[in-house]
There are 2 protein chains.
Amino acid sequence: MKNPGHRVQATKRLLREALTSLLAEKPLRSITVKELCERAQINRGTFYAHYADVYDMLDQIEADMEADFYAALEPVLSSAYDLTPPTATAKVFQCLEMNADLCRATLGPHGDREFATRVIETAKKRCEESCVRFFPNADKLQIETYFTFITGGCIALMERWLKDGMKESSEMLAAAAEQIMEKGLGFLQ
Amino acid sequence: MKNPGHRVQATKRLLREALTSLLAEKPLRSITVKELCERAQINRGTFYAHYADVYDMLDQIEADMEADFYAALEPVLSSAYDLTPPTATAKVFQCLEMNADLCRATLGPHGDREFATRVIETAKKRCEESCVRFFPNADKLQIETYFTFITGGCIALMERWLKDGMKESSEMLAAAAEQIMEKGLGFLQ
DNA sequence: TCAATAAATCAACACGGTGTTCAATCTTTT
DNA sequence: AAAAGATTGAACACCGTGTTGATTTATTGA
């Protein structure tokens, strides 16, 4: 007595592996359902039983990744009451390092930046909340502006990090991000 | 005696207008050559005389935009010898404000982020160069990290700005960006 | 103005991926 | 062993693609 849907889970895994492997070779736009199924050794009809098209499939996979990511991040985010940007950053970067293969597919040259933005938005909101406590006299719009900026900055750092083969440790990267967020130009002195 | 290629320039303009108008409605991936030509009132065969496919067309258009952008930016960038990030930022944001319609197509939800990154890379490099003069004892890698971060941050601010309908002035936005770049968290105090 | 050249049009074509259907087969569950 | 669930295979019409060659229309320069 195995889980119900155990079989579909297996074929979905095959399809997912095929997709990420193809995504390493070329952009999503030139990946066809046909070749995807051929690589996955799955009947094309079976694909359409689960997904509407390749984009729908990636959407669903990303939703799964998102859930996994939140599940991994939630404990560390909720453990610290006074969550400052630096603290969260270190944890987020750590999470990314542990899921490097997934990140490559989404943050890589053929990846989907919207996904990364969506994921990081969670940490952003959490930090904003505790930031309001730390700077009660700061304008709300100002806080939002600040976090928009540093979120974009962090994503850019991650992209470069992945691009360069993740040579530095996540701690190093987080430390640099922390300092820039805190001191701005003072980072260089 | 008109310019040579005056005619092809006209059809290209029609195609470009059709593309940007379609790009406001849906993502590039679901725009077909057929409907593009129908909207532009251009024969499909004519399209293939100029472009290989829709992606190739966007590439060429973006290359044009890039050239226009540089042409507009170059004088302000080269005028100031001691180009600090803040100075450049103000100018770049100003440029974007003047080309709002073009920006919408490339920075919008269906746009091409890589293009924005590529464009802004120019200003980034310029600033990096003069930054080396200001902070001679700072590590080169550190400088690169800093600029990667703030470039990403600025793009994020622009995206939000466009998304919210460009209500604030480019000066306001640039001023905020400047302060964050310079003071980091101190921006909120 | 007229001939030469360049560009856009039109129709037709083979090709390939799409998305759907249905009967047949295999697998899991009870 | 029977029932329900999932995958397969083949066939189908459909539509966009990219190319071709002949024709028409516009632009250029003498």
Side-chain angles (χ1 to χ4, degrees), chain A residues 1-64 67 105 109-112, chain B residues 1-64 67 105 109-112:
Chain A
M1 47 159 85
K2 297 180 179 177
N3 284 337
H6 176 269
R7 206 175 163 197
V8 341
Q9 211 175 333
T11 64
K12 281 193 176 181
R13 215 197 60 242
L14 287 176
L15 282 171
R16 176 178 155 165
E17 285 171 8
L19 181 60
T20 51
S21 107
L22 281 170
L23 225 35
E25 298 170 12
K26 50 174 157 180
L28 189 60
R29 64 166 178 264
S30 51
I31 295 176
T32 100
V33 174
K34 191 168 179 272
E35 68 176 334
L36 178 58
C37 292
E38 277 166 359
R39 182 166 302 203
Q41 301 266 52
I42 292 290
N43 190 279
R44 204 162 56 86
T46 309
F47 175 92
Y48 286 110
H50 297 297
Y51 307 107
D53 54 38
V54 188
Y55 294 95
D56 176 52
M57 179 183 164
L58 189 61
D59 278 347
Q60 291 194 31
I61 288 184
E62 286 185 345
D64 289 350
H110 307 312
D112 172 14
Chain B
M1 45 162 85
K2 298 180 178 179
N3 283 336
H6 176 268
R7 207 174 163 198
V8 343
Q9 208 176 335
T11 63
K12 281 193 177 183
R13 216 195 60 241
L14 287 176
L15 281 172
R16 175 177 156 165
E17 285 170 8
L19 181 59
T20 52
S21 107
L22 281 171
L23 225 34
E25 297 170 14
K26 50 174 157 178
L28 189 61
R29 64 166 176 264
S30 50
I31 295 177
T32 95
V33 174
K34 192 170 178 269
E35 67 176 334
L36 178 59
C37 293
E38 277 167 359
R39 181 165 302 201
Q41 302 265 54
I42 291 290
N43 190 279
R44 203 162 57 87
T46 308
F47 175 92
Y48 285 110
H50 295 298
Y51 306 107
D53 55 37
V54 188
Y55 294 95
D56 175 51
M57 180 184 165
L58 190 61
D59 278 348
Q60 290 195 33
I61 288 185
E62 286 185 344
D64 289 350
H110 307 313
D112 174 13

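Below, all heavy atoms of this structure are taken into account, side chains as well, without hydrogens, waters or symmetry copies. So that the names make sense, note that chain A is the first sequence line, chain B the second, and so on, each numbered from 1.
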| query | Going from CG on L23(A) to CD1 on I31(A), what distance comes out if it is rounded to the nearest 0.5 angstrom? | reply |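 Output value for this atom pair is 5.0 Å.
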
Can you tell me the distance, in whole Å, between the [atom1] atom of [X] and the [atom2] atom of [N]?
X: N43(B); N: dT17(D); atom1: CG; atom2: P; result: 13 Å
X: D56(B); N: dG18(D); atom1: CG; atom2: C1'; result: 13 Å
X: E35(B); N: dC15(D); atom1: CD; atom2: C1'; result: 13 Å
X: K12(A); N: dA6(D); atom1: NZ; atom2: C1'; result: 12 Å
X: K34(B); N: dC14(D); atom1: NZ; atom2: P; result: 14 Å
X: F47(A); N: dA6(D); atom1: CZ; atom2: C1'; result: 17 Å
X: R13(B); N: dA8(C); atom1: CZ; atom2: C1'; result: 16 Å
X: H6(A); N: dT7(D); atom1: NE2; atom2: C1'; result: 15 Å

| field | Positive for ring pair (Phe, Tyr, Trp, His ring centres under 6.0 Å) with Y51(B), one of F47(B), Y55(B), Y48(B) | value |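 Filter result, single survivor: F47(B).
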
| message | I want to confirm an ordering. Mapping D53(A) and Q41(B) to their closest nucleotides on DNA chain C, which one lands closer to the 5' end? | response |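 Taking each residue's closest nucleotide, the earlier one in sequence belongs to Q41(B).
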
| said: Of the listed nucleotides (dG9(D), dA11(D), dT17(D)), which one gets closest to any side-chain atom of R44(A)? | reply: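 The answer is dA11(D), which lies nearest to the side chain.
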
State, with a plain yes or no, whether a side-chain heavy atom of [X] is found less than 4.5 Å away from one of [Y].
X: L19(B); Y: L28(B); answer: yes
X: V33(A); Y: V54(A); answer: yes
X: Q60(A); Y: K12(A); answer: yes
X: L14(B); Y: Q41(B); answer: no

| What closest approach, in Å, do T11(A) and V8(A) show between heavy atoms, and which atom pair accounts for it? |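 That closest heavy-atom pairing would be OG1-O, 2.9 Å.
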
| Are any of the side-chain nitrogens in E35(A) or R39(A) under 4.0 Å away from the carboxylate oxygens of its partner? |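 No, this pair does not count.
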
| Among all residues two or more places apart in sequence or in another chain, which pass the side chain to side chain donor-acceptor pair (under 3.5 Å) test with R44(B)? |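 For R44(B) there are no side chain to side chain donor-acceptor pair (under 3.5 Å) partners, ignoring immediate neighbours.
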
| message | For the helix from dT1(C)-dA30(D) to dT30(C)-dA1(D), what angle separates the axis at the start from the axis at the finish, each from five pairs, in steps of 10°? | response |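 Taking the rotation axis at each end, their angle is 30°.
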
| remark: Protein heavy-atom contacts under 4.0 Å, written 5' to 3' over nucleotides 2-7 of chain C as B (base), S (sugar-phosphate only) or - (none), form the string ----BB

| field | N or O in side chain of Y48(B) less than 4.0 angstrom from dT19(D) OP1/OP2 | value |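 So the side-chain polar atoms of Y48(B) never come under 4.0 Å of the phosphate oxygens OP1 or OP2 of dT19(D).
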
